[in-house]
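For ligands, and for the atoms within them, numbers begin at 1 and follow the listed sequence. In what follows, every heavy atom counts, from backbone to side chain, and hydrogens, waters and symmetry copies are set aside.
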Amino acid sequence: MTEVHGESDVETGVVRLRDALQGVPTYKPGRPPTQSPDFVSYKMSSNENPYPPLPGVIEAVARSAEQLNRYPDMGTAALREAIASDVGVSAEEIVPGTGSSGVLSAIVGATCEAGDEVVYAWRSFEAYPIMVALSGARSVQVPVTEDGRHDLDAMADAITRDTRLVIVCSPNNPTGPVVHTGELERFLERVPADVIVVLDEAYLEFVRDAEAPDGLAVYRAHPNVVLLRTFSKAYGLAGLRVGYAVARPQIAGPLRSCVIPFAVSDLAAKAAIASLEAKPELLERVEALVGERTRVLQGLRELGYDVPETQSNFVWLPLGSRTQEFAEAADAVGLSVRAFGDEGARVSVEAPEANTRLLQVAREFAERLR
Ligand SMILES: *Cc1c(COP(=O)(O)O)cnc(C)c1O
């Protein structure tokens, strides 16, 4: 633990950093698409919302910009009130942060010390192993099933006395499916009461599966469940970095102390509040994206691709060793997709023209595979 990395030598700039930093994976952001005069390029690699912010949201941000010389409201009181009334809980139960990633990192910090274990499905959200490694805790990754679903029985089996946190990502990024109510309830019965279960609902608004759990009902029934939500996806505010957790006051209070002071800028808070006020309009956009998702999923399946069910704003193509080749083929026509090694490619649902072009690339690629 106290290993010194070489002699203490100020002149050569040798400083001591925590051992835990070794082996922290680096986050690979989705690549921007190749630009060409021959085509309009589309970024389909980061699960962003293709719609620009509503005019009312931009106005709220512009008004807030006039006060950039001031610190934001430390307690983010108005934001917490707005979120609480939208979710149907009290403001005491809301923990806002710099994106839901910022909140999750506070949750890991609040629960884990070196040697503790965090159980989650894999492959899942890339930020999980990074946050766990940074804390010095150990990731226990439980493989998803062949159809990209959480194996909740295996996850329950993986819980030990050292487990301090479990993350359930539903819908799962990057594979797409949700967990179902019955299996989640059976799973939660097996989790010790002193272990926090984070239900990461980043894509909640895109879910149409009737068997998907009602997160709030699950939260109400289980004091150790924490919901994690974001304004980055359905609400289209990825660039502003604002998300939140819903947790019991006894958990939420300490969590708020783990979030760095002034984590949420006033721009972000005002944009989030304006977005909640414009919720019906934003949900219409989500509905259009869900329609496009259905078209892309069906199109790919008709072409013979083995695409898992998706309840999010992306599809997963388990292409194995052909993954990079597919990503290159998409890139050649101005579409950037997210390739994960030799596992598969995740493609975000974009504007209709981009989705149509993706299906075209997939058709040509399928012919090449024959
Ligand atoms: C995009 C995403 C988030 C949200 O990240 P923000 O920090 O809120 O932008 C959280 N969890 C998952 C699984 C995601 O895909």
Side-chain angles (χ1 to χ4, degrees), residues 25 27-30 43-50 53 76 79 83 87 94-109 118 120-132 134 139 141 144 148-150 165-179 197-207 212 215 226-246 255 258-260 263-265 267-269 271-272 275-276 282 286 289 293 308 310-316 337-338 340 344-350:
Y27 189 90
K28 295 184 206 71
K43 188 172 171 206
M44 305 174 89
S45 53
S46 296
N47 298 346
E48 292 153 343
N49 193 318
T76 51
L79 176 61
I83 293 170
V87 175
I94 302 297
V95 187
T98 313
S100 55
S101 309
V103 184
L104 184 60
S105 115
I107 297 172
V108 174
V118 181
Y120 55 88
W122 197 252
R123 189 171 270 283
S124 189
F125 187 33
E126 261 202 297
Y128 300 158
I130 298 174
M131 290 176 197
V132 173
L134 280 174
S139 280
Q141 302 181 330
V144 294
R149 303 176 54 83
H150 277 46
L165 180 64
V166 178
I167 308 170
V168 174
C169 186
S170 179
N172 188 47
N173 175 7
T175 57
V178 283
V179 297
V197 178
V198 166
L199 185 59
D200 186 342
E201 302 188 296
Y203 302 94
L204 168 73
E205 297 82 358
F206 297 92
V207 174
V226 172
L227 306 178
L228 194 63
R229 295 181 178 176
T230 182
F231 287 95
S232 296
K233 307 287 161 56
Y235 287 91
L237 297 180
L240 272 175
R241 317 301 309 123
V242 52
Y244 62 94
V246 183
L255 279 184
C258 292
V259 172
I260 54 164
V264 181
S265 72
L267 302 182
S275 298
L276 288 172
L282 289 167
V286 169
L289 289 168
R293 166 183 89 196
T310 176
Q311 291 294 315
S312 56
N313 65 346
F314 54 82
V315 290
W316 173 246
V337 305
R338 182 75 169 84
F340 291 93
R346 187 195 67 200
V347 187
S348 314
V349 173
E350 248 288 335

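- Taking 4.0 Å as the cut-off, D200 counts as a neighbour of ligand 1 on heavy-atom distance.
- Y128 and D200 form a side-chain donor-acceptor contact under 3.5 Å, judged by distance and modelled atom types alone.
- Backbone and side-chain nitrogen or oxygen atoms of S101 are examined, and one is located within less than 3.5 angstrom of a nitrogen or oxygen of ligand 1.
- The nearest pair of heavy atoms linking S312 to P171 is CB-CB, 4.0 Å.
- To the nearest 0.5 Å, the span separating CZ on R346 from CE on M44 amounts to 11.5 Å.
- Rounding to the nearest 0.5 angstrom, the gap separating the OH atom in Y235 from the CZ atom in R229 is 9.0 Å.
- In this structure, atom 9 (O) of ligand 1 lies nearest to the protein heavy atom S232 OG, 2.6 Å.
- Proximity of Y203 to ligand 1 is established by a heavy-atom distance of less than 4.0 Å.
- For G99, the heavy-atom gap to ligand 1 drops under 4.0 angstrom.
- Between the side chain of R293 and the main chain of F206, a donor-acceptor pair closer than 3.5 Å is present.
- Only the side chain of A202 comes within 4.0 Å of ligand 1, judged by heavy-atom distances.
- The pair R338-E126 counts as a salt bridge, with a side-chain nitrogen and a carboxylate oxygen less than 4.0 angstrom apart.
- Using the six-membered ring where Trp is involved, Y244 and F231 have ring planes that are tilted, between 30° and 60° apart.
- For C169, the heavy-atom gap to ligand 1 drops under 4.0 angstrom.
- Counting atoms of ligand 1 from 1 in the listed order, those under 4.0 Å from a heavy atom of R241 are 6 (P), 7 (O), 9 (O).
- For atom 14 (C) of ligand 1, the closest non-hydrogen atom on the protein side is K233 NZ, 3.2 Å.
- For atom 10 (C) of ligand 1, the closest heavy atom belonging to the protein is S100 OG, 3.4 Å.
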